[in-house]
Amino acid sequence: MDRWYLATLLSLIVHQIDAAFWHEWTMFHVPGGIQGFLVFNLLAVGVLLHGYRHVILRTSSARTYAGVCGVTGVATAIIHVLFAVAGREEFHLPLSIATLVACLVAGAGLLARAFGPR
């Protein structure tokens with residue numbers, strides 16, 4: 001499970017770097033603009049990094065954190081597909097798309113590993 005978690009976490013972090021380029025805070029109308037976006041990322045990345053520790057240490061909370069990380073990866077991809085369908089032009093560069101696909105694949109893989117048959 002730790003490899004799927006790391007792949008999802010890395011994909012999400014790279015996506016957030018890309019999101020800064022695209023000014024994602026305007027897409028989501030984040031209060032405070034870039035400052036609110038940074039606070040969100042401080043909290044979100046902090047929680048996911050903390051979760052990775054639980055996964056590595058195989059604590060009783062590991063599967064819960066894996067679920068949060070996996071759902072975040074899958075939801076990130078789905079949300080951006082919906083933005084594209086709605087006509088938004090952000091995240092249409094090849095590596096932006098590849099990063100979103102990585103979020104989807106890694107997130108789904110993490111969910112399957114964490115909650116699928118053993």
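These numbers were taken from a predicted model, which means no experiment stands behind them. These numbers come from the heavy atoms of this one structure, side chains and all, not from hydrogens, waters or symmetry mates.
Closest heavy-atom contact between L48 and L12: CD1-CD1, 3.9 Å. Taking all atoms of both residues into account, the shortest heavy-atom contact from L9 to Y52 is CD2-CB, 4.3 Å. Residues T76 and T72 approach most closely at OG1-O, 2.7 Å, considering heavy atoms. A pairwise comparison of heavy atoms in H54 and A62 identifies O-CB, 3.6 Å as the closest pair.
Using a distance-only test at 3.5 Å, with no hydrogens or angles considered, no donor-acceptor pair links the side chain of H23 to the main chain of A19. Although no hydrogens or angles enter the test, the distance criterion places no donor-acceptor pair under 3.5 Å between the side chain of T8 and the main chain of C69. Proximity of a side-chain donor or acceptor of H50 to a complementary backbone N or O of G46 within less than 3.5 Å is not detected. Looking at Y5, its side chain never comes within 3.5 Å of a backbone N or O of R53 through a donor-acceptor pair. In this structure, S96 contributes its side chain and H92 its backbone to no donor-acceptor pair below 3.5 Å.
L10 and V68 end up in different hydrophobic clusters when Ile, Leu, Val, Met, Phe, Trp and Tyr side chains are linked at under 4.5 Å. Linking Ile, Leu, Val, Met, Phe, Trp and Tyr whenever their side-chain heavy atoms come within less than 4.5 Å leaves I78 and F28 in two separate clusters. Cluster membership for I79 and V30, using ILVMFWY side-chain heavy atoms within less than 4.5 angstrom, is shared. When the side chains of ILVMFWY residues are joined at heavy-atom separations under 4.5 Å, either directly or via intervening members, L100 and L95 end up in two distinct hydrophobic clusters. Taking hydrophobic clusters as Ile, Leu, Val, Met, Phe, Trp and Tyr residues chained together by side-chain heavy-atom distances below 4.5 Å, F83 does not share a cluster with I17.
For the pair V39 and Q35, the minimum side-chain heavy-atom distance is 4.5 Å or more. Counting heavy atoms from C-beta outward, L43 and V47 have side chains that stay 4.5 Å or more apart. Between W22 and H80, the closest side-chain pair of non-hydrogen atoms is not below 4.5 Å.
Taking CZ of F37 as the reference point, atom CD1 of I34 lies at 6.0 Å (rounded to 0.5 Å). Of the inter-residue distances, the one linking L110 atom CG with C103 atom SG reads 12.0 Å to the nearest 0.5 angstrom. Distance check, rounded to the nearest 0.5 Å: CE of M27 to CZ of F91 gives 5.5 Å.
At a cut-off of 3.5 Å, with distance as the only test, no side-chain donor of T99 or H15 sits close to an acceptor on the other residue.
Atom CZ of R58 has 12 or fewer neighbouring heavy atoms from other residues, nucleotides or ligands inside a 6.0 Å radius.
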Q. Could you go step by step and tell me if E24 and E90 meet the side-chain contact (heavy atoms from CB on, under 4.5 Å) rule?
A. CA-CA 8 Å; E24 190 175 63; E90 299 90 347; over 6 Å; no
